[in-house]
Amino acid sequence: MGWTDRQRAMLEEMGIRLWVPATAPPRAASAPGVGAPRPAAVAVPMSDRAAVPSAPAPARLTLDSDRASDLASEFAALDVGALAVRAAVCTACPLCAGRSRSVFGSGNPQADWMVVGDAPDADDDAAGEPFAGRAGQLLDNMLAAMRLSRGDAPRARQAYVTPSVKCRPPAGRAPEPREVERCRPYLARQVGLVQPRLIIAMGRVAAQSLLGTAEPIARLRGRVHRFEGVPVIVTYPPAHLLRHPQDKAAAWEDLCLALEVARDADAAQTDSR
Ligand code: SF4
């Protein structure tokens, strides 16, 4: 992958420095520091892509499964707009009491990529948009470094962005498992409607909702998971990266893995024609 000046600037913004071998022309993306080798997840050659580990399907959390099933049935008939309206008046969990508005999603719902975050923060709640504040600026830089955008772009380069839980938890706390499960039918229906080619799960709650696991992000990274057949890559959320910039290099490894999985899918599609 060659890098434009803008992408280099975006990577710098992420805290990622590009590493270029001294004796070879630049070939691909970055390393976490000056002179360090490229991370293994990025260095997997195209011919060895099958070696990228796939995660075993975890057992799903089954909290409120009857209620979730009822919502899933109701949502099956809704399109994206109707689902957003439904979320705006939803009272299925206690988070409805503290929201200014529900935060449903941004970007083109026909996008090839989908970014799933945790829960709205105060900025998102005020704006009615996911990743609206400083974390959103970092997300946009991360997407730009991947040549993706949640704005105008060809569909293959667009990312639809949504929180896994649609209403802001009070006092900056994380959503509780019961709240995540109550809200999960919205996310499941969004994935069914958007039909992304790849999902990036940014955060523990996003992974919990999509994968039904309470495992920490550090144990979920570096593998290809699946949600309804769609590849899922887990990484740190931008808000975490703002507080812990030392994890930006690891996040960039995850994004490179996502790009690699997407290229695999393209190659497989081409081969099948
Ligand atoms: S968080 Fe989800 S389930 Fe809870 S009230 Fe909001 S939209 Fe409904």
Side-chain angles (χ1 to χ4, degrees), residues 58 60-109 111 114-133 135-136 139 150 159-196 199-214 217 227-228 230 232 234 237-240:
R60 287 211 57 77
L61 300 178
T62 55
L63 296 170
D64 284 320
S65 58
D66 289 346
R67 176 66 178 152
S69 176
D70 289 347
L71 286 177
S73 299
E74 177 193 342
F75 293 171
L78 303 183
D79 62 16
V80 172
L83 193 65
V85 170
R86 180 68 175 79
V89 297
C90 180
T91 57
C93 87
L95 296 183
C96 65
R99 71 183 176 213
S100 301
R101 56 189 60 77
S102 62
V103 177
F104 188 74
S106 67
N108 181 3
M114 189 166 182
V115 173
V116 178
D118 285 341
D121 63 15
D123 290 328
D124 304 345
D125 179 74
E129 294 277 329
F131 294 100
L139 172 66
R150 53 176 162 168
Y160 178 78
V161 179
T162 186
S164 49
V165 171
K166 310 305 181 194
C167 302
R168 178 178 70 100
R173 72 162 170 83
E176 296 175 357
R178 188 182 187 87
E179 294 160 349
V180 175
E181 193 65 19
R182 282 281 178 100
C183 208
R184 184 177 171 276
Y186 286 97
L187 179 60
R189 180 62 179 151
Q190 279 177 299
V191 173
L193 288 164
V194 175
Q195 297 189 321
I199 298 171
I200 302 174
M202 291 188 161
R204 180 184 60 79
V205 175
Q208 179 182 338
S209 184
L210 287 167
L211 307 177
T213 178
I217 294 174
F227 178 80
E228 305 289 349
V230 181
V232 177
V234 177
H240 169 93

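We're numbering straight along the sequence, starting at 1. Counting starts at 1 for both ligands and their atoms, in listed order.
Panel note: side chain R184, backbone S209; a donor-acceptor pair is recorded below 3.5 Å. Using modelled atom types, one side-chain atom of R189 and one backbone atom of F75 make a donor-acceptor pair closer than 3.5 Å.
Side-chain contact between R86 and L71 is present, with at least one heavy-atom pair separated by less than 4.5 Å.
Annotation: side chain to side chain contact (heavy atoms under 4.5 Å, CB included) contacts of P94 (sequence neighbours excluded): E179.
The number of protein N, O or S atoms lying under 2.8 Å from atom 2 (Fe) of ligand 1 is 1.
Of all atoms in ligand 1, listed by their number and element, those nearer than 4.0 Å to a heavy atom of R99 are 5 (S), 6 (Fe).
More than 12 heavy atoms of other residues, nucleotides or ligands sit less than 6.0 Å from atom CZ of R150.
Residues S164 and V205 share a closest heavy-atom pair of OG-CG1, 3.5 Å.
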